[in-house]
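First comes the structure, then the notes that go with it.
Below, chains carry the letters A, B, ... as their sequence lines are ordered, and counting in each starts from 1.
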Amino acid sequence: MKMSKLFVQTLREFPSDAEVMSHKLLVRAGYIRRLASGVYNYLPLMWRTLKKIENITREEMDAAGAQELLMPFVQPEELWQESGRWDVYGKELMRLKDRQGRGMCLGPTHEEVITYIAREGIKSYKQLPVNLYQIQSKFRDEVRPRFGLLRGREFIMKDAYSFDIDEAGLDKEYENMAKTYTRIFERCGLETKMVQSDSGAIGGSVSHEFMVVCDNENNAGENDVFYCEKCDYSANSNHAVSILPKAPTDGGFTKAQVVDTPNCKSIEELAEFLKVEPSVIVKTLVYVADKKYVMALIRGDKNVEEIKLQNAVGANEIRIASSAEIKEIMLNNNKTAEAGYISPIGIEDITIVADNSVCELKNFVIGCNETEKHLIGANWGNEISLPEKITDIRLVQEGEICTQCHSPLKVTRGIEVGNIFKLGTKYSKAMNAVYMAEDGQEKPFIMGCYGIGISRTAAAAVERHHDEFGIKLPLAIAPYHAIVIPVNCKDELQMKTAEEIYNKLLNAGVEVVLDERDERPGVKFKDADLIGFPYRITAGKTLAEGLVEFKNRSNGEVMTIKPQDAIDKIISAVNALK
RNA sequence: CGGGAUGUAGCGCAGCUUGGUAGCGCACCUCGCUUGGGACGAGGGGGUCGCAGGUUCAAAUCCUGUCAUCCCGACCA
């Protein structure tokens, strides 16, 4: 490819609407352009990289025994009604109507369609197990698209679905996919952490996420990952568990009484005023879960993990209640307290969930539903009864103790590039997808599903591989392998040598660009660095000694060597990819 | 949806306070000159100032509404 013909427009400055490095660089280097919020054009450079990631994924999935197919991205409402998700998926599902008025949606994921395919196509246990996958655009009308390709409303995903006759088969395939994923990301130059996670809208029992650790300057990592340095434990904050380090649990009050606590709306102010540790205070928070109020009780020095609370009450949606809503609850119970002074005491008809952490408290402090007053020296079973629902709704904090090996946990930020779920029979039962088992009984498929965000992986790779000059994607997924630059195109020797090198590389199957533009060298070097050609050969003044400059973009190494040596180095690096 | 900000040429911005018929840098076209890290000179093309109302002799500028985009929170590959 000649540089003058390559369809790319590099910008001299970063776009003003981009925040994270991958977004800034991909736009500036001419890989992508925004079409609408969260919707991007993949220009030729980007598309080459995406195809490479897709192909790596394809090779590894095929090698793992999966088979590729392609499902439509327009899906009929009926299937979503069958699975029950038409009503629960919410606004994120891009819905539309066809000319007959029938409901359709653009696929955010394909459990419904694949289950339909299995129901129609798999009749006997003899056809099992099977794992089917596709690579295709997905649509999710995100509440807040951001960070360029990291959170778009349209994105490219590889999604695979496995069907087994029993749990043991699913476990085996789950392991198989976990290993395959690690290999795929490795080949893309990404080190990943496999962490336990909540299974969210997809459903199912067990799930893990593949995180690219991204703890750098711009916070591109949207997830907090807790992990143990001693053992292999690691989990998304929405799922992480821990043992609490020792903290005071006895308030030390000798009798229960209501005391004045002026201006003590926050736990800190209250602890300071009463001269107690926050850990002997019970914090009461009000949430709205699917339009119903929920009170959550947690130890004063800890915070609620909303996903855990959402799961505890079986809700689809949860948010913290507003002060107006709290007022409404109080009024309904003939009370007047503001947030900060509330508790479940004397409150009726509201679901109450307590975190495990409050159970062991003695002589503790809690609100009493009167503004600027608290109850001190309370005990479970006396002044207040322990709620029926006691579970883990606590957000883990760094330094708490690993449940597996009792070492302190650490935290880091991660970009989720892949996700694997054990679905079990959630969809097969709902959609009556059954096969004839060996014993003559009809049984639902045991399913698993496995996703990789292809376009997000590309963006994550840029997050991990860049410097002040631009992108430096690894050879395996860079748009091109190499660039050849004649410093001065009007110099016949330079131009001729560059063309010879270019042709030799081209003939050897190297994906190479010749920068034959009549530009000053600075422009060519800046563009080459920005776009991120892994190898650069420069034909310039060193030709006097018959040498060229050879530069490795990823480690910055520069050497002056014979043209043929530079060519050989590139060819052998490219061949090593296969 | 709640909180904050911004919409002026492909990109980055000024002009708005104090209304007077739109400008700068980069990019683009032509000519010259230059060629190892985003040169220089001369000339040129490109904008219904997000959109719709209103105030005014006159609106990018003031007022009202609306749309879009971005940032911070709830969603997730």
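The shortest distance between the side-chain N/O atoms of A:Arg140 and the OP1/OP2 oxygens of B:C75 is not below 4.0 Å. OP1 and OP2 of B:G2 both lie 4.0 Å or more from every side-chain N or O belonging to A:Arg319. Regarding contacts with the backbone of B:G73, a side-chain N or O of A:Arg146 is found under 4.0 angstrom from either OP1 or OP2.
Checked against side chain to side chain donor-acceptor pair (under 3.5 Å), A:Asp224 has the following partners two or more places apart in sequence or in another chain: A:Arg413. Annotation: ring pair (Phe, Tyr, Trp, His ring centres under 6.0 Å) contacts of A:Phe73 (sequence neighbours excluded): A:Phe139. Take A:Ala458 and apply the side-chain contact (heavy atoms from CB on, under 4.5 Å) test, not counting sequence neighbours, and it matches A:Met46, A:Thr49, A:Leu50, A:Ile53. Residues forming a side chain to side chain donor-acceptor pair (under 3.5 Å) with A:Arg319 (at least two apart in sequence, or on another chain): A:Glu325. For A:Arg12, there are no salt bridge (charged side-chain N to carboxylate O under 4.0 Å, His left out) partners two or more places apart in sequence or in a different chain.
Relative to the six-membered ring of A:Trp80, A:Arg95 misses at least one condition, a distance below 6.0 Å or an angle of at most 45° to the axis.
Atom-to-atom, CG of A:Leu395 to P of B:A74 comes out at 11 Å; the value is rounded to the nearest Å.
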For nucleotides 33-42 of chain B, read 5' to 3', which letter fits each nucleotide if B means a protein heavy atom sits under 4.0 Å from the base, S means only the sugar-phosphate is that close, and - means neither? -BBBBBB---
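Taking a pair to require two hydrogen-bonding distances under 3.5 Å in either a Watson-Crick or a G-U wobble arrangement, B:U66 pairs with B:G50.
Across B:C75, B:G73, B:A77, the shortest atom-to-atom separation from the side chain of A:Ile307 is found for B:C75. Residue A:Glu13 places its side chain closer to B:G25 than to any other of B:A77, B:G25, B:C71. The side chain of A:Glu306 lies closest to B:A74 when the candidates are B:A74, B:C75, B:C76. Closest to the side chain of A:Phe147, out of B:C72, B:C13, B:A77, is B:C72.
Between A:Pro15 and A:Gln310, the residue whose closest nucleotide on RNA chain B is further toward the 5' end is A:Pro15.
Looking at A:Asn223, its side chain comes within 3.5 Å of the base of B:C76 through a donor and an acceptor atom.
For the P atoms, the distance from B:U69 to B:C29 is 32 Å, rounded to whole Å.
Across all strands shown, A:Gly90 has no heavy atoms under 4.0 Å from either base or sugar-phosphate atoms. Counting any heavy atom pair closer than 4.0 Å across all strands shown, A:Pro108 reaches no nucleic acid atom. As judged by a 4.0 angstrom heavy-atom cut-off over every strand, A:Arg151 is placed among the base-contacting residues. Residue contacts shown for A:Gly152 include a base, since a base heavy atom lies under 4.0 Å away.
Taking the six-membered ring wherever Trp is involved, the centroid distance between the rings of A:His208 and A:Tyr174 falls below 6.0 Å.
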